[in-house]
Novice: 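Here you go, one structure.
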Amino acid sequence: MLKWLNFPEWLPENASTFGEGVDNLFVLIYWITAIVFIAVMAVLIGFMIKYRFKEGRKADYIEGSTTLEITWTAVTTVIVFGLAMLSLPQWNRLKIPSQFPSSPDDVLVQVSGKQFNWDMTYPGPDGKLGTDDDLTLENQLHVPVNKVVHVKLTSEDVIHSFFLPNMRVKQDALPGRTIDVWFDATKVGKYEIPCAELCGFGHSGMLGYLNVHTDDAYAKWVEEAWK
Amino acid sequence: MNDHANESHDHHHEESFVSKYIFSLDHKMIGKQFLIYGLIMFIVGGGLALLFRWQLAWPDKPLPIIGVSQEYLDEGEVVSGADKMWEKWGEDDEENWFERTMHAGIIGPEFYNALFTMHATIMVFFVVVPLLVGAFGNFLIPLMIGTRDMAFPVLNMLSFWTSVLGAVIMMAGFLVPGGHAAAGWTGYAPLSSVPDFTGVYWGQNLWCIALIVMGVSSLMGSINYITTVINMRAPGMTYFRLPLVIWSLFIVAILLLLAFPVVASALALLLFDRMAGTSFFAAAGGGEPLLWQHLFWFFGHPEVYILILPGMGLASEMISVFSRKPIFGYKSMVWAMISIAFLSWVVWGHHMFQSGMNPALSMGFMTTTMLIAVPSAIKTFNWLGTLFRGSIRYTVPMLHSLAFVSMFVIGGLSGIYMANSPVDIHIHDTYYIVAHIHYVVFGGSVFALFGAIFYWFPKMFGRHMNATLGKIHFWLSFLAFNGVFFPMHILGVAGHRRRIHNPLDTDLRGPGGMEIQGINEFITICAFILGAAQIIMLVNVFWSMYKGRVAEQNPWHANTLEWQAPTPVPHGNFDQIPHVYHGPYEYSVPGADADWIPQTQADGEPSHGEPIPAGATAD
């Protein structure tokens, strides 16, 4: 039974550096909401039993209590602002390009959504997109483990959404715009890249794969790819 | 017809069938028309949901009863009557709409997209708004503020028939070539703005037109509500003596009035893009896809509160009456609703955290969104406070109201996850949001609505609904509802995307690598139980209209003005316009002989009634 109520258990395996920060926020909110829910339900059910209709007992005439109103307004406000403050650094780190990590070792790739595939374009040996040695693969994203990956995300037709459940990444891909996304995979493996925004009749089956390689395997893949 | 009308007027001062039941100007009849219309659309919207739930649980299997048999698919041999039907239809699949959209009784992806698009569109615009705002707004506002009718009765009648026109246009979309709108109820451009992206032509156009027509109906209604509440309150009915449900409808009318023009212009731009070759939303022509999202959600978020605020108002009435206690913190309840309404204008960006909107805006939208927890908490705690030291009667409306409170708590709390933008990254556009919206709008608004139908039925139709059927319907709905929507939370956390045709397309796993398609099957079974339970409700409503126990004038011993009017309520509502001396929730006042004091009872006047006898609690 508890398995069904323990939401954090259901998160997909985390395989990115910043995923833990996001998951910690999830767990924090989970406990806040769980405690509030249990408390409210306990009071509700308690009142429902205790104050049910009984012959000869009249309800008490109570119009309200200013102290209580101020208390629960203040407490909720404090929790809300506290949560917002805790969330800000996580959000900025994930989404604001000026705060992204950057080093010469980083990997660059362009991802473009189109009905109903992900085009992954690699810059090739010169490290620049839009040159002759670019390589485009359908639905296969190859990255080395423990390296920052910068994704230039765009779309050719409708809005798609680049969803990496195991990296805790989701970003809509917009036609006519390029959006910067980054992640840093910490575990070798093959992960799914579904499209999370309705993009037409093939939306359900729009699925790419993220292949996280060891450094050696990645070097080998690069060698094979640009042979 | 004319002769008949004259005759009636001469002899009985009655109206003709047409002016009494069809183009009625009486707010009560218009309210009942909205009620029947909303219930019919409810069946349509719910039926669409059952169709796509089948596909989600058993992907690409033919539908039961109307689909072909598995043997027919495997071997081409006719086994059942349904097989024969599809064999015949298969021949002219160019023309046959059913065959084209649902080949051999299997829901294909194009039709699937139309199904969930139309399920949401119908439920939001043609069920919850007509029922909560149309039916109860019309029926209750004049009665509860103590006046004879709406300020503009003709406008009121037009509002109803305009919304019927909207529904007819919307339904017509199912029959046009290319199928119905399939870009989601949110209609994100450019998927919705360029026909080639979905293959849907007239379906999406009709969707836009129907929503504009529907909005015009809402505008007419809201102008009427606002004018009536401001100008036509009975003597002594000050703003702070208004019942909370009237406050909620008044606030909702203002929200509708302000929000609708925004979506109407967005829909018009979308139509231009589709039909006149403009590119407001298409990046290829220099347009901006996010413009649609901003316009839609600037309307859409107030719209969400339009769906829940009347539920809050209805539940507040019933909780106070059946606890035999004043609403705890009446004024803070009013201010909480007003603050929810204000906040609803500054939170729309939370739908767009992952949309590519400037990420620096998210902090602001996250804070305003989470601030909605404050008035929501105030309301919840005040409902609890109303139960405190009450004398609670477990009538059918009270059961629904308590369900409303507990389901609204779950819906409110699950909202905090998505309001938090980093957490939203993972659960955005998954089943988590599906669970959340249904806990608020179904668990919240619709349970309050069921309770309200039961509670006001005696005043509407002069008869009681059956309490036993009511309780069976309540418990089945309550359990099945939670069986459908609670598991969607965990599906969402696991990463189950919304709006997908086949959940098996991705390899979703639960804790320990468990398969989770079984959860989808469980949800669908519960959904069928939930759907079947509504048959009980419909039977109860229509049977009770004619055969129910005849209702007395004030069966619940309630204070508000509608219960002081005769049953059935005559044209013009009151013999004399009532004078109001009290707030609406003077229950169990110390020293009074009865546990209720009608709003019309002056101080020192003898009381009108006795406390509810124990035997009456079963209703």
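Every chain is numbered from 1 and lettered A, B, ... according to where its sequence line falls, protein lines coming before strand lines.
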Novice: Within this structure, what is the CG-CD distance for the pair B:L508 and A:E192, rounded to the nearest 0.5 Å?
Specialist: 7.0 Å
Novice: Give, as side chain, backbone, both or neither, the part of B:I519 having an atom under 4.5 angstrom from any heavy atom of chain A.
Specialist: side chain
Novice: Among B:V423, B:L504, B:T430, B:T386, who wins on heavy-atom pairs under 4.5 Å with chain A?
Specialist: B:V423
Novice: For B:A114, which atoms come within 4.5 Å of any heavy atom of chain A: side chain, backbone, both, or neither?
Specialist: neither
Novice: Which residue in the set A:V158, A:D172, A:I159 passes side-chain contact (heavy atoms from CB on, under 4.5 Å) when paired with B:P289?
Specialist: A:I159
Novice: For the CD1 atom of A:I62 and the CD1 atom of B:I327, what is their distance to the nearest 0.5 Å?
Specialist: 12.5 Å
Novice: Can you tell me which of A:R168, A:K95, A:M206, A:Q90 forms the most heavy-atom pairs within a distance under 4.5 Å of chain B?
Specialist: A:K95
Novice: Grab the two heavy atoms, one from A:K58 and one from B:D595, that are nearest each other, plus how far apart they are.
Specialist: CE-CB, 4.1 Å
Novice: Taking the side chain as everything from C-beta on, heavy atoms only, tell me whether A:E69 gets closer than 4.5 Å to B:K331.
Specialist: no
Novice: Counting only non-hydrogen atoms closer than 4.5 Å, does B:N502 touch chain A with its backbone (N, CA, C, O), its side chain (CB onward), both, or neither?
Specialist: both
Novice: Would you please say whether a donor-acceptor pair under 3.5 Å links the side chains of B:D505 and A:S204?
Specialist: yes
Novice: Do B:S406 and A:M41 come within less than 4.5 Å of each other through their side chains, counting heavy atoms only?
Specialist: yes
Novice: Relative to each other, are the rings of A:Y51 and B:F388 parallel, tilted or perpendicular (30° and 60° limits)?
Specialist: perpendicular
Novice: Decide yes or no for A:F201 and B:V200: does some side-chain heavy atom of the first lie under 4.5 Å from some side-chain heavy atom of the second?
Specialist: no
Novice: Would you mind telling me which of B:Y188, B:Y112, B:F111, B:F381 has the largest number of heavy-atom pairs within less than 4.5 Å of chain A?
Specialist: B:F381
Novice: Could you check if a side-chain atom of B:P326 sits within less than 4.5 angstrom of a side-chain atom of A:Y61, using non-hydrogen atoms only?
Specialist: yes
Novice: Using a 4.5 angstrom heavy-atom cutoff, name the option from A:C199, A:P165, A:P12 with the most pairs to chain B.
Specialist: A:P12
Novice: Does CD belonging to A:E20 count more than 12 external heavy atoms closer than 6.0 Å?
Specialist: no
Novice: Quick one: what part of B:D507 sits under 4.5 Å from any heavy atom of chain A, side chain, backbone, both or neither?
Specialist: both
Novice: Counting heavy-atom pairs under 4.5 Å with chain A, which one of B:Y585, B:Y330, B:F486 comes out on top?
Specialist: B:F486
Novice: Using the ring of each side chain (for Trp, its six-membered ring), is B:F328 parallel, tilted or perpendicular to A:W72, with breaks at 30° and 60°?
Specialist: tilted
Novice: Rounded at 0.5 Å granularity, tell me how far CD1 in B:I372 sits from OG1 in A:T76.
Specialist: 13.5 Å
Novice: Give the C-alpha distance, both sets of side-chain angles, the deciding distance and a yes or no for side-chain contact (heavy atoms from CB on, under 4.5 Å) between A:R52 and B:Y394.
Specialist: CA-CA 8 Å; A:R52 68 186 185 277; B:Y394 290 106; 3.8 Å; yes
Novice: State plainly whether the residues A:R177 and B:E288 are in salt-bridge range, i.e. N to O under 4.0 Å.
Specialist: yes
Novice: Heavy-atom distance under 4.5 Å to chain A: side chain of B:V374, backbone, both or neither?
Specialist: both
Novice: Please look at B:A336 and chain A and tell me whether the side chain, the backbone, both or neither of the residue comes under 4.5 angstrom of a heavy atom of that chain.
Specialist: neither
Novice: Roughly how far, to the nearest 0.5 Å, is the CG atom of B:L384 from the CE atom of A:M48?
Specialist: 11.0 Å
Novice: Between A:G202, A:G46, A:G200, which has the largest tally of heavy atom pairs under 4.5 Å with chain B?
Specialist: A:G200
Novice: Give me the one residue out of B:R324, B:K325, B:R389 that meets side chain to side chain donor-acceptor pair (under 3.5 Å) with A:D60.
Specialist: B:R389
Novice: What part of B:R497 gets closer than 4.5 Å to chain A, counting heavy atoms only: side chain, backbone, both or neither?
Specialist: side chain
Novice: Between atom CZ of B:R509 and atom CD of A:E13, what is the distance when rounded to the nearest 0.5 Å?
Specialist: 13.0 Å
Novice: Under the 3.5 angstrom rule, does the side chain of B:Q354 hit a backbone N or O of A:Q171 as a donor-acceptor pair?
Specialist: no
Novice: Can you tell me which of A:Y30, A:F81, A:F162 forms the most heavy-atom pairs within a distance under 4.5 Å of chain B?
Specialist: A:Y30
Novice: Top residue by heavy-atom pair count (under 4.5 Å) with chain A, among B:L491, B:I392, B:V194?
Specialist: B:I392
Novice: Chain A heavy atoms under 4.5 Å from B:M514: which part of the residue, side chain, backbone, both or neither?
Specialist: side chain
Novice: Could you tell me which of B:I378, B:V409, B:T198 has the largest number of non-hydrogen atom pairs under 4.5 Å with chain A?
Specialist: B:I378
Novice: Using side-chain heavy atoms (C-beta onward) and a distance below 4.5 Å, is B:M363 in contact with A:W91?
Specialist: no
Novice: Shorter than 4.5 Å, heavy atoms on both sides: which option in A:M167, A:Q115, A:K50, A:K3 has the most such pairs with chain B?
Specialist: A:Q115
Novice: Output the distance between atom CD1 (B:I516) and atom CH2 (A:W10), rounded to the nearest 0.5 Å.
Specialist: 6.0 Å
Novice: Can you say whether B:A182 sits under 4.5 Å from chain A via the side chain, the backbone, both, or neither, judging by heavy atoms?
Specialist: backbone
Novice: Name the member of A:I179, A:D157, A:L164 that forms the most heavy-atom pairs with chain B at distances under 4.5 Å.
Specialist: A:D157
Novice: Please rank B:A494, B:P487, B:A283 by heavy-atom pairs under 4.5 Å with chain A and give me the top one.
Specialist: B:A494
Novice: Between B:Y432 and chain A, with a heavy-atom cut-off of 4.5 Å, which part of the residue counts as in contact: side chain, backbone, both or neither?
Specialist: side chain
Novice: Under 4.5 Å from any heavy atom of chain A, what part of B:S323 do you find: side chain, backbone, both or neither?
Specialist: backbone
